[in-house]
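One structure is given below, encoded as structure tokens.
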2 protein chains.
Amino acid sequence: MTLSRLLVRVFIAKLPVMKNIEEKSKYHHGDLRETLLVVATEMLQESGLKEVSLRKLASRVGVSRTAPYHHFKDKNALLCGIAEKGFEQLHQINKCGSKLEKLSVKERFYRFIHDYIQFANNNPELYELMFGRTIWKDESSTLELRDSAYPCFQFQVAMTQEWQKQGLFNVDDNALRVSQVLWGTVHGIAKLFIDGIYTDNSKIDEICDYAVRLFLTNSKE
Amino acid sequence: MTLSRLLVRVFIAKLPVMKNIEEKSKYHHGDLRETLLVVATEMLQESGLKEVSLRKLASRVGVSRTAPYHHFKDKNALLCGIAEKGFEQLHQINKCGSKLEKLSVKERFYRFIHDYIQFANNNPELYELMFGRTIWKDESSTLELRDSAYPCFQFQVAMTQEWQKQGLFNVDDNALRVSQVLWGTVHGIAKLFIDGIYTDNSKIDEICDYAVRLFLTNSKE
DNA sequence: AAGCTCAAGTTGACACTGTCAAGTTAGCGT
DNA sequence: ACGCTAACTTGACAGTGTCAACTTGAGCTT
């Protein structure tokens, strides 16, 4: 939080735009867009989605209320920008998990489910935003958001195909459909925890275990 | 919508509070609480959660901005009131589905999954409210809400136990955990549709089929 | 070097929100 | 007939997203 903000400052310092090293009298901010994203993400994770307001954000960054509008069409576009980065993170996690070749397929499958729900639970507000209707319903998602989210979705289908090949699921089944059900399951469990309906976080691992078990009792591997 | 509102009016007419049949000069509304719930539900289903504002609601009911505060502590309490009725509906659907004794267990299981997702899809805004963090997170749920939601949750565990007894799932497995995973799956799929991430509604049935298949390939029945 | 352009930043304003405090109305039981 | 009190009212406040109109200043052209 303080660190990430510091990194932005360093980044700013490197830009040719800055006249001198001291940050005084900076009518032009330098890289306001990036700073807004970073600070907004901080606010999101600290106090939740409904606490993120453009005005508070602007004042926290030290800029006027309407300055953000020169970098984001509206609030929704800003939120899409935050979510974008979230999808890159999640995609990264999935890629890492599928590369662990020392593990058996079953173990990798367990790892996927576990890591996914862990990510959601570690970043509840970000996850809420990434998969919430705020940014998806009514065609409100940005093009850039879709560009970062769709590869993440597709990767999950690809993983499912791999699991099918390795005998975890029937190869004849439609991979997209299987993946949609699997994703539904992890998404649903994650949401029920995040939204406060499943309240006992200490049972997360146990529930993941059961999810794996229910899907794999009949697998060949 | 028009019907439900009419019913309320009829209800009002029956109340001794009303001085005369014509609805003029009604400083005291009669049954404002119920009317607010009905009209708010209409607004919710017509235009979505974020379009429901106390002020619009009040003006639509024909009452001053702050009148609702004499029947609901705050906006959250009103929303909880709406959700309450939703849970009673859902509970009813589950009860009906489990009573169809002509069907086989497998068919009843399919029926549960299908009906659940159908309910969510037919009442997307209501479902969003019922299971959203708006009313659940931060201890914001009303006592009355919990009184209507918990039985609904428990019924799903009871159904799971029944399915275990009938050989659909291992009897030795913890029913609560199995039910949590099953519910996670239907909830997740429902949410992904409602929130606009799964967009092709014509594939709902197919996805339900796969969900059932993935869970039941190893069942004894 | 002077001047122009145009993105980046500014203030003021508007309509909307939830909610509180203080006042008014009228139905009920005594 | 009279008050009590729940139900309902208006006024006010702080907060929101967003638009229109204005200012600033960095960088290119001449």
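In what follows, every chain begins at residue 1, and chains take the letters A, B, ... in the order their sequences are listed.
- C:dT17 atom P lies 13 Å from atom CZ of B:R60, rounded to whole Å.
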Polar pairs (N or O, both sides) under 3.5 Å between protein and nucleotides 11-15 of chain C?
unit_1 : atom_1 : unit_2 : atom_2 : d
C:dT11 : O4     : A:T66  : OG1    : 2.8
C:dG12 : N7     : A:R65  : NH1    : 3.2
C:dG12 : N7     : A:R65  : NH2    : 3.1
C:dA13 : N6     : A:R65  : NH1    : 3.1

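- Between A:E51 atom CD and D:dT16 atom C1' the separation is 12 Å, expressed in whole Å.
- One interatomic measurement links the two molecules: CG of B:L57 to P of C:dT17, which rounds to 11 Å at whole-angstrom precision.
- To the nearest angstrom, P of D:dC19 lies 16 Å from CZ of A:F72.
- For the pair A:E162 and A:R108, the salt-bridge criterion is not met [side-chain N within less than 4.0 Å of a carboxylate O].
- If you measure from atom NE2 of B:H71 to atom C1' of D:dA7, you get 6 Å, rounded to the nearest angstrom.
- Distance from the side chain of A:L32 is smallest to C:dG9 among C:dG9, D:dC8, C:dT19.
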Enumerate donor-acceptor pairs with a distance under 3.5 Å from any side-chain N or O in residues 122-130 of chain A to protein atoms, sequence neighbours excluded.
unit_1 : atom_1 : unit_2 : atom_2 : d
A:N122 : ND2    : A:Q118 : O      : 3.4
A:N123 : ND2    : A:F119 : O      : 3.0
A:E125 : OE1    : A:L49  : N      : 3.3
A:E125 : OE1    : B:R133 : NH1    : 2.8
A:E125 : OE2    : B:R133 : NH1    : 3.1
A:Y127 : OH     : A:Y116 : OH     : 2.8
A:Y127 : OH     : A:H187 : ND1    : 2.7

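- Separating the CG atom of B:D74 from the P atom of C:dT17 is a distance of 17 Å, rounded to the nearest angstrom.
- Note: CG (A:D31) to P (C:dA8) measures 10 Å, nearest angstrom.
- If you find the closest nucleotide of DNA chain C to A:H70 and to B:S53, the one lying nearer the 5' end belongs to A:H70.
- Residues meeting the side-chain hydrogen bond (donor to acceptor under 3.5 Å, both in side chains) test with A:R65, sequence neighbours left out: none.
- Applying the salt bridge (Lys or Arg N to Asp or Glu O under 4.0 Å) test to A:E51 and every residue at least two apart in sequence or in another chain returns A:K56.
- Residue contacts for A:K56: at a heavy-atom cut-off of 4.0 Å it reaches the sugar-phosphate backbone alone, with no base atom in range.
- Listed by first and then second residue, the side-chain hydrogen bond (donor to acceptor under 3.5 Å, both in side chains) pairs that reach into residues 70-88 of chain A are A:E34-A:K85, sequence neighbours excluded.
- Paired with B:F87 under the rule ring-ring contact (aromatic ring centres under 6.0 Å, His included), one option of B:F153, B:F155, B:Y150 passes, and it is B:F153.
- Judged as a salt bridge (Lys or Arg N to Asp or Glu O under 4.0 Å), and not counting sequence neighbours, B:K137 has no contacts.
- Atom CZ in A:R33 sits roughly 16 Å away from atom P in C:dA7 (whole-Å rounding).
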